[in-house]
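FYI, side chains are in, hydrogens and waters are out, and symmetry mates aren't considered; it's all heavy atoms of this structure. Please read all numbers here as calculations on a predicted model, not as lab measurements. First listed ligand is number 1; within each ligand, the first listed atom is number 1.
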Amino acid sequence: MTELTEAGAARSNHGAVLFYSEFDDPETWGEALRANLPGLDFRVYPDVGNPEDIRHVLAWKPFPGFFAPFRNLAQVVNLGAGIDSLVGRTDLPEVPISRLSDPGMVALMRSYVLFAVIRYARDIPSFEQAQRRGEWRYIHPRPLNRIKVGVLGLGHLGAAVATGLADAGFDVRGYDHAPKAIHGVTCHDATTDRAAFLSEVEILVNMMPLTAKTKGLIDRSVFDALPRGAKFVNASRGPVVDEPALVAALQSGQIGGATLDVFWVEPLPAEHPFWTMENVLITPHLASITVPEAAARDVAESIRRVSAGGEPLHRVDPQRGY
Ligand code: GLV
């Protein structure tokens, strides 16, 4: 290992890369990065070697104090799209921080939300229930362009989701605090009356990042502003939603169904009421995952750029939270 590391360091002028993740496969990442940067000195935690060699950290949910030994750090790459687990911590080094973004991740997210929205739009949960009763239950399909879908959060992934839904034929309205322009999507910003926006939305999709400002933002007032029986899809982060308020809205029928990929606590605790709710579809936080082969190209480019004194790709603002 030491020999390999030294040979790599000799061949690469980028400094060493340290990988830390309990979720991602270091071998796949190492291969994908070396395919772009031959000879890269790629180290996998806890085999750090000399901490002063480490110039680039690729990490997903590093533990508190993780960064302390790396005095020559030049950048941190968050091994995911959402940076909420990195920001807000007090030990974040003062180096550029970036997130992953790759077409594979975008396509997975778009496909998840399309699936969830189409499932409701085509009344699939009703057919699933009717089948269990052995019942031929005809529900006349509604034209998709009459079904109003609202997307909250029009960042990189939210915009791709909104475009995908519009391309599929839905009447899509997006809401973001900042003004956005997306072809085929009616975009609203902070100047729009939120309750008026929500009052027309039949299927609401949450694509907001988790920040200090969005925590708990989707609360009872949001659910109450939707038409009775509206559906809800959460594919971003659990804590953006007031979970007890969602449980209550699902129990009362104010929300007719929910497709949830993310939760306050993951894995979702066994005793959580969502598990036994007929009108909830639970998936275990996989709406979108990183495809290392695709993402590594941009990470390698960031390593090149930062080593040359430049800016990484997909840089985030830890203060803002995305
Ligand atoms: C997954 O949730 C991610 O942020 O990439």
Report task. Identify, by atom number and element, the atoms of ligand 1 in contact range of Ala81, meaning under 4.0 Å from any of its heavy atoms. Result ->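 In order of number, 3 (C), 4 (O), 5 (O).
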Requested in this report: Just jot down the ligand 1 atoms closer than 4.0 angstrom to any heavy atom of Gly80, in number order.
Outcome: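 Close to Gly80: 5 (O).
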Query - Arg146/Asp171 salt bridge by N-O under 4.0 Å criterion - result: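 Arg146 and Asp171: not salt-bridged.
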Query raised in the report: Ion pair present between Asp53 and Arg43, side-chain N to carboxylate O less than 4.0 angstrom?
Result: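 Yes, Asp53 and Arg43 are salt-bridged.
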Geometric N/O contact [X] with ligand 1, under 3.5 angstrom:
{"X": "Arg237", "value": "yes"}
{"X": "Ser288", "value": "no"}
{"X": "Met105", "value": "no"}
{"X": "Gly82", "value": "yes"}

Report task. Could you tell me which non-hydrogen atom of Leu286 sits nearest to which non-hydrogen atom of Thr283, and how far apart they are? Result ->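 Looks like CD1-CB, 4.0 Å.
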**Report entry** Nearest protein heavy atom with distance in Å, relative to atom 1 (C) of ligand 1
**Finding:**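 In this structure, atom 1 (C) of ligand 1 has His285 NE2, 3.6 Å as its nearest protein heavy atom.
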Query raised in the report: Under a heavy-atom criterion of less than 4.0 Å, does Arg99 contact ligand 1?
Result: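 The answer is no, since Arg99 has no heavy atom less than 4.0 Å from ligand 1.
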Query - Polar side-chain atom of Gln254 near backbone of Leu226 as donor-acceptor pair, under 3.5 Å - result: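 Confirmed, Gln254 side chain pairs with Leu226 backbone.
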Query raised in the report: With under 30° as parallel and over 60° as perpendicular, where do the rings of Tyr20 and Phe63 fit, or are they tilted in between?
Result: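 If you compare the ring of Tyr20 with that of Phe63, the planes turn out perpendicular.
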Query raised in the report: Would Arg320 count as a cation-pi partner of Tyr322, with NZ or CZ less than 6.0 Å from the six-membered ring centre and within 45° of the ring normal?
Result: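 Arg320 over Tyr322 ring: yes.
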